[in-house]
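First the structure, in the form of structure tokens, and then the observations on it.
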Amino acid sequence: MKKTFYLSTPVYYVNGAPHLGHAYTTVAADTLVRYKRLSGWEVFFLTGSDEYGNKILRSAKDQKVTPFELVNKMVERFQNLWQTLSISYDDFIRTTEERHIRVVRNVFQKLLSQGDIYKGKYEGWYCVPCESFWLEGQLKEGGLCPECGRPAEIIQEESYFFRLSQYQEPLLDYFRQNPDFVLPRTRMNEVMKFVKSGLRDLSVTRLNLKWGIPSPIDEQHTIYVWVDALINYISALGYSLNETKLTKFWPANVHLVGKDILKFHAVIWPALLLALGLALPQRVFAHGWWKVNGGKMSKSQGRVIDPLQLAQDYGSDQLRYFLLREVPFGQDGTFSKSIFIKRINSDLANDLGNLLNRTLPLVTRYCQGKIPSPGEEKAEDKKLKEAVGAVFPRMELSMETLSFSVALTEIWKVVKLTNLYVDRNAPWQLTGKENKERLSRVLYQVLETLRILGLLLFPFIPPSAQKIWQQLGLKEDLEKQLFEKAGKWGGLIPGTEIQSAKPLFPRIKE
RNA sequence: GGCGGUGUAGCUCAGUCGGCUAGAGCACACGGCUCAUACCCGUGGAGUCCGGGGUUCGACUCCCUGCACCGCUACCA
């Protein structure tokens with residue numbers, strides 16, 4: 001039986017258009033699952049949309065549409081972006097779907113009946129005009145609402161609570177036994193500290209919120225959006241309805257999240273799972289943010305990057321590559337057009353694209369456009385071949401910890417080495433009859449390396465990798481390959497006709 | 001305030017157990033090549049390794065201290 005791999009992105013809150021951060025999480029997720037598929041795993045890759053809550057209600061009012069019309073429109077934009085970015089998700093779950101709502105209500109009911117959810121009173125600062133609760137620390141000086149600036153007041157309301165406090169010790173036990181549960185490590189420390197400092201029970205319903213899932217026994221109370229949203233990870237697998245997929249894929253191998261929503265995934269979600277008697281996910285990975293002009297991305301300050309626009313202007317693989325290569329996954333990064341363009345030109349156009357594009361014409365010219373036969377292997381040939389082979393174990397190591405930039409650096413070492421190999425062996429000088437065999441060997445070496453590079457790069461830049469294969473005359477679908485077979489040196493069959501060279505990554509003029 | 005982290009070439013960062021002239025990529029300068037997307041290859045310059053003190057035969061690496069910056073400190077999708 002195949003090993004299974006279940007990876008999720010968050011369900012994205014669709015009160016606005018997707019921005020670079022959404023693209024970042026999803027591209028990273030897609031790359032990881034593509035890598036796993038090539039490694040022979042059976043993958044379930046889930047993404048989706050979170051569609052309830054006050055903010056959406058308000059956005060809808062502002063735009064004079066119904067909330068449902070708003071989220072439908074936004075979901076379409078997200079899905080359109082995913083298609084543009086070659087995102088290969090297996091399922092897209094919307095929290096407004098019946099299959100999700102039923103599960104959320106079942107979960108609520110179960111927790112209620114076993115005493116993990118109880119009825120109590122919630123007390124807090126409340127702004128009446130905004131209909132929002134605030135924490136004391138969030139209020140502006142003088143107890144003013146941070147949103148409208150009017151005074152907030154303390155009110156009490158009935159609410160259902162989840163006994164989060166009960167799970168403090170079990171959570172800590174789990175953390176201690178799985179020190180890599182949260183990555184990067186510094187985030188694990190933060191979570192650990194937070195839990196140690198004491199957990200309070202969590203209010204999991206809101207009164208009079210009209211855009212949400214009503215609790216099963218008390219329709220006045222709407223289930224708190226976070227609880228609703230987190231459950232998507234099991235509702236998509238049919239928890240409490242049809243559990244075939246749940247049995248197969250649960251627990252999740254990785255929940256990929258932005259660092260802003262780490263605690264929900266590393267504390268509240270595991271606690272809910274413990275209460276439900278389900279296994280805990282293996283890993284939660286919190287990645288960093290892209291900063292623009294030195295600050296956090298924000299609409300009000302005009303610091304929003306539209307990933308769709310970038311993909312349309314410069315290419316979707318170019319964007320995928322940049323996001324994963326430029327910054328170590330987990331750290332914050334800086335986005336600017338000029339950094340972006342430099343990276344693309346230097347790595348994709350000059351190093352990789354040009355390698356392919358300088359080699360193919362030689363094959364056309366000296367080998368009648370056909371893959372030559374390898375012939376005798378010299379020491380330097382062997383060196384290149386071994387360097388190519390060495391990438392696989394290194395890549396496995398780095399992908400294990402989601403170190404995409406490291407994996408790409410490893411691949412690029414081979415790209416550079418191959419360019420060097422071409423220079424050293426100068427195939428364009430091996431034109432005489434006496435050199436024919438050597439010429440064949442040299443070109444075969446480079447072409448075969450390019451074939452394997454295509455395979456290695458497929459998780460990162462899928463359509464471009466496929467184009468590399470096409471230009472090499474390969475007709476197979478990269479999606480259906482396995483590292484185990486296709487990663488073996490010698491896959492190119494001499495005599496195969498190559499295609500004419502076409503620049504893969506045109507240089508971008510600044 | 002508490003806890004955690006960071007401070008290394010112009011820029012972004014690597015530097016495992018403390019050990020010979022501190023590294024990479026990009027940028028810059030010069031040279032080579034001319035198959036190619038004016039590309040690729042080679043050579044080179046520069047760094048008080050945040051400041052101060054200590055341990056040690058020896059510290060970028062360990063300890064103390066000062067400064068600067070960043071993160072977390074629950075109901076913000």
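Below, read A as the first sequence line, B as the second, and so on, with proteins coming before strands; counting in each chain starts at 1.
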Please tabulate the protein-to-nucleotide N/O contacts below 3.5 Å involving nucleotides 26-36 of chain B, giving atom names and distances.
unit_1: B:C35; atom_1: O2'; unit_2: A:R358; atom_2: O; d: 3.3
unit_1: B:C35; atom_1: O2; unit_2: A:R358; atom_2: NE; d: 3.2
unit_1: B:C35; atom_1: N3; unit_2: A:R358; atom_2: NE; d: 3.3
unit_1: B:C35; atom_1: N3; unit_2: A:R358; atom_2: NH2; d: 2.7
unit_1: B:C35; atom_1: N4; unit_2: A:R358; atom_2: NH2; d: 3.1
unit_1: B:A36; atom_1: O3'; unit_2: A:N357; atom_2: ND2; d: 3.0
unit_1: B:A36; atom_1: O2'; unit_2: A:N354; atom_2: OD1; d: 2.5
unit_1: B:A36; atom_1: O2'; unit_2: A:N357; atom_2: ND2; d: 3.2
unit_1: B:A36; atom_1: N3; unit_2: A:N354; atom_2: ND2; d: 3.2
unit_1: B:A36; atom_1: N3; unit_2: A:R358; atom_2: NE; d: 3.4

Return whichever of A:V191 or A:I261 has its heavy-atom-nearest nucleotide of RNA chain B closer to the 5' end. A:V191

Which nucleotide, in any strand shown, forms a Watson-Crick or G-U wobble pair with B:C28, with both distances under 3.5 Å? B:G44

Base, sugar-phosphate or nothing for A:L199? Non-hydrogen atoms, less than 4.0 Å. base

For RNA chain B, determine which residues of residues 440-449 of chain A have any heavy atom closer than 4.0 angstrom to one of its atoms, and list them numerically. none

For A:F181, the ring-ring contact (aromatic ring centres under 6.0 Å, His included) test, sequence neighbours excluded, returns A:Y174, A:F175

Can you list the residues that meet the ring-ring contact (aromatic ring centres under 6.0 Å, His included) rule with A:W289, with sequence neighbours excluded? none

Quick one: side chain to side chain donor-acceptor pair (under 3.5 Å) partners of A:T401, sequence neighbours excluded? A:S403

Using the test ring-ring contact (aromatic ring centres under 6.0 Å, His included), find all partners of A:H287 that sit at least two apart in sequence or belong to another chain. A:Y24, A:F329

Suppose we define a pair by two distances each less than 3.5 Å, Watson-Crick or G-U wobble; what does B:U21 pair with here? none

Base, sugar-phosphate alone, or nothing: which one does A:L420 contact when heavy atoms must sit under 4.0 Å apart? sugar-phosphate

Base, sugar-phosphate, or nothing: which does A:G198 touch, judged by heavy atoms less than 4.0 Å apart? base

Applying a 3.5 Å limit to both distances, which nucleotide forms a Watson-Crick or G-U wobble pair with B:C3? B:G71

Which nucleotide, in any strand shown, forms a Watson-Crick or G-U wobble pair with B:U37, with both distances under 3.5 Å? none

Using heavy-atom distances to pick each residue's nearest nucleotide on RNA chain B, tell me which of A:N350 and A:V11 is more 5'. A:N350

Pairing partner of B:A9 (Watson-Crick or G-U wobble, both distances under 3.5 Å): none

Out of B:A74, B:C76, B:C40, whichever nucleotide has its closest atom nearest the side chain of A:R206: B:C76

Please list, pair by pair, any protein nitrogen or oxygen found under 3.5 Å from a nitrogen or oxygen in nucleotides 4-14 of chain B.
none

Donor-acceptor pair between A:T96 and A:E51 side chains, under 3.5 angstrom: yes

Are A:Y321 and A:W412, when compared by the centres of their aromatic rings, separated by less than 6.0 Å? yes

So the side-chain hydrogen bond (donor to acceptor under 3.5 Å, both in side chains) pairs with at least one residue in residues 498-507 of chain A (sequence neighbours excluded) are A:N350-A:R507

Enumerate the residue pairs fulfilling salt bridge (Lys or Arg N to Asp or Glu O under 4.0 Å) with a member in residues 348-361 of chain A, sequence neighbours excluded, ordered by first and then second residue. A:D351-A:K416, A:R358-A:D423

Among all residues two or more places apart in sequence or in another chain, which pass the salt bridge (Lys or Arg N to Asp or Glu O under 4.0 Å) test with A:E410? A:R394, A:K413

ring-ring contact (aromatic ring centres under 6.0 Å, His included) partners of residues 342-363 of chain A, not counting sequence neighbours, each pair once: none

Among all residues two or more places apart in sequence or in another chain, which pass the ring-ring contact (aromatic ring centres under 6.0 Å, His included) test with A:F322? A:W290, A:F335, A:F340

For B:C62, give the paired nucleotide (Watson-Crick: N1-N3 plus N6-O4 or O6-N4; G-U: N1-O2 and O6-N3; both under 3.5 Å), or none. B:G54

Nearest-neighbour nucleotide for the A:F505 side chain, B:U37, B:C40, B:U73 considered: B:U37

Under 4.0 angstrom, heavy atoms only, what part of the nucleic acid is A:L262 near: base, sugar-phosphate, or nothing? nothing

Of the listed nucleotides B:C40, B:U37, B:A74, the one nearest the side chain of A:L164: B:A74

Residue pair A:L70 / A:S59, side-chain heavy-atom distance below 4.5 Å: yes

